[in-house]
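The structure displayed is predicted, hence computed values, not measured ones.
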Protein chains: 2
Amino acid sequence: MRISTRSRYGLRAVVELAIEGRPMLLKEISGRLKVSMKYLDHIFSSLKRAGIIRSIKSHSGYVLSKRPSKIKAIDVIKALEGLSFVDCIESPQICNRAGSCATQVLWKRLKGVVEKILDISIKELADIQRKLNVRSKNMYYI
Amino acid sequence: MRISTRSRYGLRAVVELAIEGRPMLLKEISGRLKVSMKYLDHIFSSLKRAGIIRSIKSHSGYVLSKRPSKIKAIDVIKALEGLSFVDCIESPQICNRAGSCATQVLWKRLKGVVEKILDISIKELADIQRKLNVRSKNMYYI
DNA sequence: TATAATTCTATTAAAATAATAGAATTGGTA
DNA sequence: TACCAATTCTATTATTTTAATAGAATTATA
């Protein structure tokens with residue numbers, strides 16, 4: 001069980017866009033995240049297809065396509081790697097044990113709590129990030 | 001984010017051993033789970049190394065090496081695929097953002113709830129399975 | 001029309017997961 | 001003691017997923 005780099009980079013990029021609140025060039029974001037533009041291009045094309053970000057016509061960069069409070073972390077993860085722990089939850093017909101299987105019960109619980117945790121908005125994440133930024137800035141003066 | 005077949009097969013096998021409460025041959029378990037003996041052999045060697053199961057000398061099969069109440073689902077998962085969502089939780093030094101990163105906060109929460117859900121004993125899972133067995137047996141008579 | 005960016009399509013590389021093959025070992029028992 | 005049926009070990013291969021790069025096409029405008 002691992003979070004892919006796609007999800008990690010993608011979510012950080014989206015939080016970055018929320019904090020800046022202005023169009024940002026791919027180049028700028030890739031510089032901050034220290035991820036190649038080419039790879040981020042891929043990630044952004046998925047985010048765009050999912051309606052999470054959009055590009056401003058010609059040279060002006062990317063912005064969130066909705067308000068940060070309307071985008072959830074889970075939307076980003078689903079767009080970038082999906083959230084299918086096991087197939088027997090979505091498609092019980094593939095396993096004749098589904099519905100009478102203790103491990104399936106466990107996987108369902110797992111899915112439930114993970115979805116709950118990821119049901120956090122980008123606004124909330126941006127707020128957390130802003131506070132952490134202030135904190136780490138002040139650290140220099142301690 | 002996905003549960004590997006190793007974890008799925010392994011956990012089911014361990015629950016099976018708990019329910020039967022007697023030594024079971026690899027052949028028997030592989031037959032029930034419909035997984036090749038060769039593949040299950042691999043999985044069992046990891047479970048054995050982790051001290052979850054042990055084999056009875058000569059022809060007698062495998063048993064749990066502790067009481068089902070003393071084995072947690074998370075032990076099985078850790079033995080078979082690990083639980084490292086992102087490296088920056090275990091090794092904050094690999095990322096200079098660690099400690100002041102909103103997404104890291106999220107990954108930590110995720111790790112927390114997943115570990116909590118997987119902190120269920122094999123005894124509890126076996127109890128759930130027994131109830132489901134009764135239920136699905138009775139289904140025929142409805 | 002030059003340009004600086006996004007966007008699209010294709011390809012490759014690397015890693016993780018899944019599965020198989022075959023031989024070695026083990027210890028009871030015929 | 002030799003056989004047997006099982007576990008166990010080592011190696012290999014196949015498949016899938018993830019990660020990353022390359023290059024060309026497109027786009028709106030300065």
Side-chain angles (χ1 to χ4, degrees), chain A residues 1-13 17 22-31 33-65 76-87 94, chain B residues 1-13 17 22-31 33-65 76-87 94:
Chain A
M1 255 192 290
R2 231 185 134 65
I3 308 291
S4 69
T5 60
R6 279 172 65 84
S7 290
R8 294 196 288 117
Y9 298 160
L11 188 59
R12 276 180 51 193
L17 284 170
R22 58 168 174 90
M24 293 179 79
L25 293 180
L26 193 58
K27 190 198 282 185
E28 186 181 8
I29 304 173
S30 94
L33 266 56
K34 289 176 181 55
V35 175
S36 85
M37 273 181 64
K38 287 293 185 184
Y39 192 34
L40 210 55
D41 162 17
H42 255 47
I43 294 172
F44 272 36
S45 102
S46 299
L47 291 175
K48 203 176 169 182
R49 198 171 332 119
I52 293 169
I53 61 174
R54 63 185 172 84
S55 60
I56 301 289
K57 288 175 200 277
S58 189
H59 312 199
S60 307
Y62 290 91
V63 288
L64 298 182
S65 56
V76 176
I77 310 279
K78 278 187 176 167
L80 296 175
E81 64 171 305
L83 256 188
S84 171
F85 291 100
V86 290
D87 295 328
I94 63 161
Chain B
M1 254 191 293
R2 227 182 139 67
I3 308 292
S4 68
T5 59
R6 279 172 64 84
S7 290
R8 294 197 287 116
Y9 298 160
L11 189 59
R12 277 180 50 194
L17 283 171
R22 58 168 175 90
M24 292 180 81
L25 293 180
L26 193 57
K27 190 197 283 185
E28 186 180 9
I29 304 173
S30 95
L33 267 55
K34 291 178 180 53
V35 175
S36 83
M37 272 181 66
K38 287 294 185 182
Y39 193 35
L40 210 55
D41 161 17
H42 255 47
I43 295 172
F44 271 36
S45 102
S46 299
L47 291 176
K48 202 176 168 183
R49 199 171 332 119
I52 293 169
I53 61 173
R54 64 186 172 81
S55 60
I56 301 289
K57 287 175 200 283
S58 191
H59 311 201
S60 309
Y62 290 91
V63 288
L64 299 181
S65 55
V76 176
I77 310 279
K78 278 188 177 169
L80 296 175
E81 64 171 306
L83 254 188
S84 173
F85 290 99
V86 289
D87 294 328
I94 64 160

B:Glu28 CD - D:dT7 P separation (whole Å): 10 Å
Rounded to whole Å, CZ of B:Phe44 lies from P of D:dA6 at a distance of 15 Å
Nearest to the side chain of A:Leu25 - C:dT6, C:dA23, C:dA19? C:dT6
Given D:dT7, D:dA6, D:dT21, which nucleotide is nearest the side-chain atoms of A:Ser36? D:dT21
Could you tell me whether the side chain of B:Ser7 reaches within less than 4.5 Å of the side chain of A:Met1, counting heavy atoms only? no
Nucleotide N/O of nucleotides 11-18 of chain D paired with protein N/O under 3.5 Å:
residue	atom	partner	partner atom	Å
D:dA11	N6	B:His42	NE2	3.3

For A:Leu80 and D:dA19, give me the distance from atom CG to atom P, rounded to whole Å. 10 Å
Expressed as a whole number of angstroms, how long is the span from A:Lys48:NZ to C:dC8:C1'? 11 Å
Check whether any side-chain heavy atom of A:Arg8 sits under 4.5 Å from a side-chain heavy atom of A:Ile43, and report yes or no. no
Contact check, side chains of B:Glu81 and B:Ile77, non-hydrogen atoms, under 4.5 Å: yes
What nucleic acid atoms does A:Tyr62 come within less than 4.0 Å of, heavy atoms only: base, sugar-phosphate, or nothing? sugar-phosphate
Can you check whether A:Lys27 has a side-chain N or O nearer than 4.0 Å to OP1 or OP2 of C:dA5? yes
For B:Ser7 and for A:Leu26, find the nucleotide of DNA chain C with the closest heavy atom, then tell me which residue's nucleotide is more 5'. A:Leu26
Atom-to-atom span, CD1 of A:Ile56 to P of D:dT26 - whole angstrom: 23 Å
Search all heavy atoms of A:Tyr9 against all heavy atoms of A:Leu33 and return the closest pair with its distance. O-CD2, 3.4 Å
Would you mind telling me which residue lines up with the more 5' stretch of DNA chain D, A:Tyr9 or A:Lys38, judged by nearest nucleotide? A:Tyr9
Can you list, pair by pair, the side-chain donor-acceptor contacts under 3.5 Å of residues 47-55 of chain B, counting residues two or more places apart and other chains?
residue	atom	partner	partner atom	Å
B:Lys48	NZ	B:Ser55	OG	3.3

Output the rounded distance in Å from CE (A:Met24) to P (C:dT6). 11 Å
Rounded to whole Å, how long is the line connecting atom CG of B:Leu40 with atom P of C:dA18? 14 Å
Heavy atoms, side chains only, cut-off 4.5 Å: are B:Leu17 and B:Ile29 in contact? yes
Determine yes or no for a side-chain-to-main-chain donor-acceptor pair under 3.5 angstrom, with A:Ser84 supplying the side chain and A:Asp87 the backbone. no
Nearest whole angstrom, please: distance from the C1' of D:dA6 to the CD1 of B:Ile29. 13 Å
